[in-house]
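These notes are about the structure you will find just below.
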Amino acid sequence: MKRKIIYMISLILLVTIIIVMILPKREIVKVSLVSDTATITYTDAESLQIIGDAIRTVKKVPGAVDVGPPSYRMTVTYDDSEAVQYSVYMDFETQNGFLIKDSNSERMLDLRKKEFGRTGGSVSEVKM
């Protein structure tokens, strides 16, 4: 009985490792940062690695976010041509910042609109 369990666990681990190795990893090919005064585009490997690491290692922070307009609007383009939009908020004095994926903020706005629709309230749309 123990032998069967060990074989099954080993098989599951092996299949998992094979799937992870076979699945293509998306690579960032371009990042554009747009502020009120400038547009910066990164295509070099070092910059893309730094930005990719920042996106992958971001720490999720619970709670509501009440901020003004973003420091930058960031578009990350992957090798499969998918473009993902972010709002980047930077505090240049403390050198801290955070990212909000636009699809997440749009879903939150949709949820808020839905809730206000049920309760009879009203919502003003925020342009980002």
Side-chain angles (χ1 to χ4, degrees):
M1 183 68 172
K2 286 184 180 182
R3 205 174 213 166
K4 283 184 180 182
I5 292 173
I6 291 173
Y7 284 132
M8 290 187 64
I9 291 173
S10 298
L11 181 64
I12 290 170
L13 286 173
L14 181 62
V15 169
T16 303
I17 291 170
I18 291 171
I19 289 173
V20 168
M21 292 177 69
I22 291 175
L23 288 177
K25 294 179 183 174
R26 295 188 327 165
E27 290 191 35
I28 297 173
V29 294
K30 181 172 80 170
V31 173
S32 297
L33 290 170
V34 179
S35 71
D36 291 339
T37 58
T39 299
I40 306 166
T41 300
Y42 296 101
T43 56
D44 64 286
E46 183 180 0
S47 297
L48 297 178
Q49 181 68 42
I50 291 168
I51 294 168
D53 289 347
I55 292 170
R56 281 187 292 282
T57 61
V58 70
K59 295 177 186 172
K60 292 189 177 189
V61 179
V65 177
D66 185 14
V67 295
S71 307
Y72 295 97
R73 303 281 296 128
M74 181 170 72
T75 303
V76 177
T77 306
Y78 291 92
D79 57 0
D80 62 0
S81 299
E82 180 185 3
V84 179
Q85 304 284 326
Y86 294 90
S87 294
V88 180
Y89 297 85
M90 294 293 300
D91 182 344
F92 295 104
E93 290 178 19
T94 64
Q95 296 185 350
N96 289 324
F98 62 94
L99 297 170
I100 297 178
K101 195 173 186 178
D102 284 5
S103 61
N104 292 344
S105 61
E106 289 168 9
R107 289 191 342 225
M108 292 302 292
L109 285 172
D110 290 343
L111 181 63
R112 184 172 175 179
K113 286 179 193 176
K114 183 178 174 182
E115 184 62 31
F116 273 101
R118 273 193 251 152
T119 60
S122 63
V123 173
S124 300
E125 239 185 89
V126 177
K127 298 284 183 189
M128 295 188 154

Can you name the nearest heavy-atom pair linking Tyr86 to Leu99, along with the distance?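 Shortest heavy-atom contact: CD2-CB, 4.2 Å.
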Atom [atom1] of [X] and atom [atom2] of [Y]: how far apart are they, to the nearest 0.5 Å?
| X | Y | atom1 | atom2 | result |
| --- | --- | --- | --- | --- |
| Ser47 | Ile28 | OG | CD1 | 11.0 Å |
| Arg3 | Ile5 | CZ | CD1 | 13.0 Å |
| Thr77 | Gln85 | OG1 | CD | 8.0 Å |
| Phe98 | Met90 | CZ | CE | 10.5 Å |

Sequence neighbours excluded, which residues qualify as side-chain contact (heavy atoms from CB on, under 4.5 Å) partners of Thr37?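 With sequence neighbours excluded, Thr37 shows a side-chain contact (heavy atoms from CB on, under 4.5 Å) to Ser35, given in chain and number order.
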Does Ile51 have any side-chain contact (heavy atoms from CB on, under 4.5 Å) partners at least two apart in sequence or in another chain, and if so, which?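 With neighbours one apart ignored, the set is Val31, Tyr42, Ile55, Met74.
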Using the rule that two of Ile, Leu, Val, Met, Phe, Trp, Tyr join whenever any of their side-chain heavy atoms come within less than 4.5 Å, decide whether Leu48 and Leu33 are in one cluster.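 Same cluster.
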Do Val84 and Tyr78 come close enough that some side-chain heavy atom pair is under 4.5 Å?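 They are in side-chain contact.
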Counting C-beta onward and ignoring hydrogens, is there a side-chain heavy-atom pair between Arg73 and Asp102 closer than 4.5 Å?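 Contact flag for Arg73/Asp102 side chains = yes.
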Running the 4.5 Å side-chain criterion over Ile, Leu, Val, Met, Phe, Trp and Tyr, what cluster does Ile6 land in, apart from itself?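 Grouped by the 4.5 Å side-chain rule, Ile6 forms a cluster of one, so the answer is none.
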With sequence neighbours left out, what residues match Asp80 under salt bridge (charged side-chain N to carboxylate O under 4.0 Å, His left out)?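 Result, salt bridge (charged side-chain N to carboxylate O under 4.0 Å, His left out) vs Asp80: Arg26.
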Test Val34 against every option in Ile40, Val88, Thr41, Thr39 by the side chain to side chain contact (heavy atoms under 4.5 Å, CB included) rule and name the one that passes.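 Answer to the side chain to side chain contact (heavy atoms under 4.5 Å, CB included) test with Val34 among Ile40, Val88, Thr41, Thr39: Thr39.
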Using the test side chain to side chain donor-acceptor pair (under 3.5 Å), find all partners of Glu27 that sit at least two apart in sequence or belong to another chain.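 Per chain and number, Glu27 pairs via side chain to side chain donor-acceptor pair (under 3.5 Å) with no residue.
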By the salt bridge (charged side-chain N to carboxylate O under 4.0 Å, His left out) test, which pairs, at least two apart or in different chains, include something from residues 41-57?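 Salt bridge (charged side-chain N to carboxylate O under 4.0 Å, His left out) check on residues 41-57 returns Asp53-Arg56.
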